[in-house]
Amino acid sequence: MLNNNIIQRFTDIETPFYYYDLNALKQTLDACRDASAKHNFHVHYAMKANFNSRVIDTIQSYGFGADCVSGNEVKAAIAHGFGKDKVVFAGVGKSDKEINLALDADIFCFNVESVQELEIINDLAAAKGKTAGIAIRINPNVDAHTHHYITTGLDENKFGINTWQLNDVAAMLRKCANLRFLGIHFHIGSQITDMEVYRSLCIRINEMQDWFENQGFAVAILNAGGGLGVDYYNPDTNPVPDFESYFSIFKKFLNVKPGQEVHFELGRALVAQSASLISRVLYVKNGQKKNFLILDAGMTELMRPMLYQAYHAIENLSQKSKDDNSAMEHPKSEIKYDVVGPICESTDCFRKDVDLPQSYRGDLIAIRTAGAYGEVMASGYNLRDLVQSIYSE
Ligand SMILES: *Cc1c(COP(=O)(O)O)cnc(C)c1O
């Protein structure tokens, strides 16, 4: 919640910047830890969602593991104190350099996405006289019912191994003396809010683990990936995702055998509501058909709206705090603005037809729920300064 005290604090700070509410982050982490601990589930934080140092350190302090998708994320996870026995490494295109780095770090598990990758990891491990723990990332052909740009579990996606290739996987595993098969891994997409999807996933996981057991492979780990969505429309009234319901579904429908561990890799759900992107109105352009608010933040600071039409709540903090101070009974009437950035690309628009109070040059604008896939995707395009961050504490 961005109250007047916080808004007051923003007035002297150069925009744009990310504002991290570490208390909101901790509330979310508390809820996730408590809900997962009930069922003895293991949670890895998907570091690609946000690798801001303060955020990572806070998450690490909760004892979660780390889910990495690059060699540098593996390095960062270990540097930030995640135990190597809690680091997993996924990714459809791991380079030899990255695999070697992860082998040297003795990470817990590679989530392997092709038959060829199995062979390469085996060869590189053999050259070091090591054995690599691996899980097979299976493409379960479950539709995540989310935006097609962030769906990953359909046959047509590049991720994971399709089920018709599993015989080849089994043959390769039998051949590879330097791989240790740990289990099976799934990740079907992001910003999933339809819980039915997870029930379908559980059914596929059960089928797949039976298949591996029948082939003579003991499945020690079931890794269901991440993808739990957050409420981008109501960040103040619904700030913490429903971890209880999420984990309960897996408890109910997953066929967990004695001694098996169940793992998750949550990114967005843990961090999205902990940050807002704060910017100022540079110019107000009133056209004949359109009004534009031109901000000092754009796709170089937050790319999600431009990359996959993502919705973020947008607030005029300056006008909101004036209203709060004058305790107005009737809020001012609203105007529709296209809220755009300064970047020389037509796609540099946060949203069209946003209802906002009449806005002026210098007003502070908050783009909410920006803690996941926000700061991490910042760039220096147009040779702009890299976006800064400030913290609640
Ligand atoms: C991105 C990713 C995640 C996290 O996804 P969220 O939607 O942020 O929870 C988990 N696992 C893998 C393999 C990923 O690539």
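Both ligands and their constituent atoms are indexed starting at 1 by order of listing.
Taking the ring centroids of Y232 and Y311, they lie at or beyond the 6.0 Å cut-off. With ring centers used as reference points, F292 lies 6.0 Å or more from Y283. A distance below 6.0 Å separates the ring centres of F250 and F264. For F82 and F64, the ring centers are positioned 6.0 Å apart or more. Checked against a 6.0 Å centroid threshold, the rings of F89 and F108 do not count as neighbours.
Taking atom 5 (O) of ligand 1 as the reference point, the nearest protein heavy-atom neighbour is H187 CE1, 3.3 Å. Shortest contact from atom 7 (O) of ligand 1 to any protein heavy atom: S190 OG, 2.3 Å. For atom 14 (C) of ligand 1, the closest heavy atom belonging to the protein is K48 NZ, 2.8 Å. Looking at atom 11 (N) of ligand 1, its nearest protein heavy atom turns out to be E265 OE1, 2.7 Å.
Considering backbone and side-chain atoms alike, R268 places an N or O below 3.5 Å from some N or O of ligand 1. Where the criterion is an N or O separation shorter than 3.5 Å, residue side chain and backbone included, A46 fails it with respect to ligand 1. For ligand 1, none of its N or O atoms has an N or O atom of A269 under 3.5 Å away.
The atoms of ligand 1 that sit less than 4.0 Å from any heavy atom of R137 are 13 (C). Every atom of ligand 1 is numbered from 1 in the order shown, and the set under 4.0 Å from a heavy atom of G226 is 9 (O), 10 (C). Interface of Y373 with ligand 1, defined as ligand atoms under 4.0 Å from a residue heavy atom, comprises 1 (C), 4 (C), 5 (O), 6 (P), 8 (O).
Using a 4.0 Å heavy-atom cutoff, H44 is absent from the residues neighbouring ligand 1. The shell of residues lying under 4.0 angstrom from ligand 1, judged by heavy atoms, includes G227.
When heavy-atom distances to ligand 1 are checked against a 4.0 Å cut-off, I192 has no atom that comes that close, whether in backbone or side chain.
When all heavy atoms of V230 and P241 are compared, the pair lying nearest together is CG1-CG, 3.9 Å.
Classification of R368 and E315 as a salt-bridged pair holds, one side-chain N sitting under 4.0 Å from a carboxylate O. Of the charged side-chain nitrogens involved, at least one lies within less than 4.0 Å of a carboxylate oxygen, so that K290 and D338 count as a salt-bridged pair.
Under the 3.5 Å distance criterion, with hydrogens and angles disregarded, a donor-acceptor pair is assigned to the side chains of T300 and R384.
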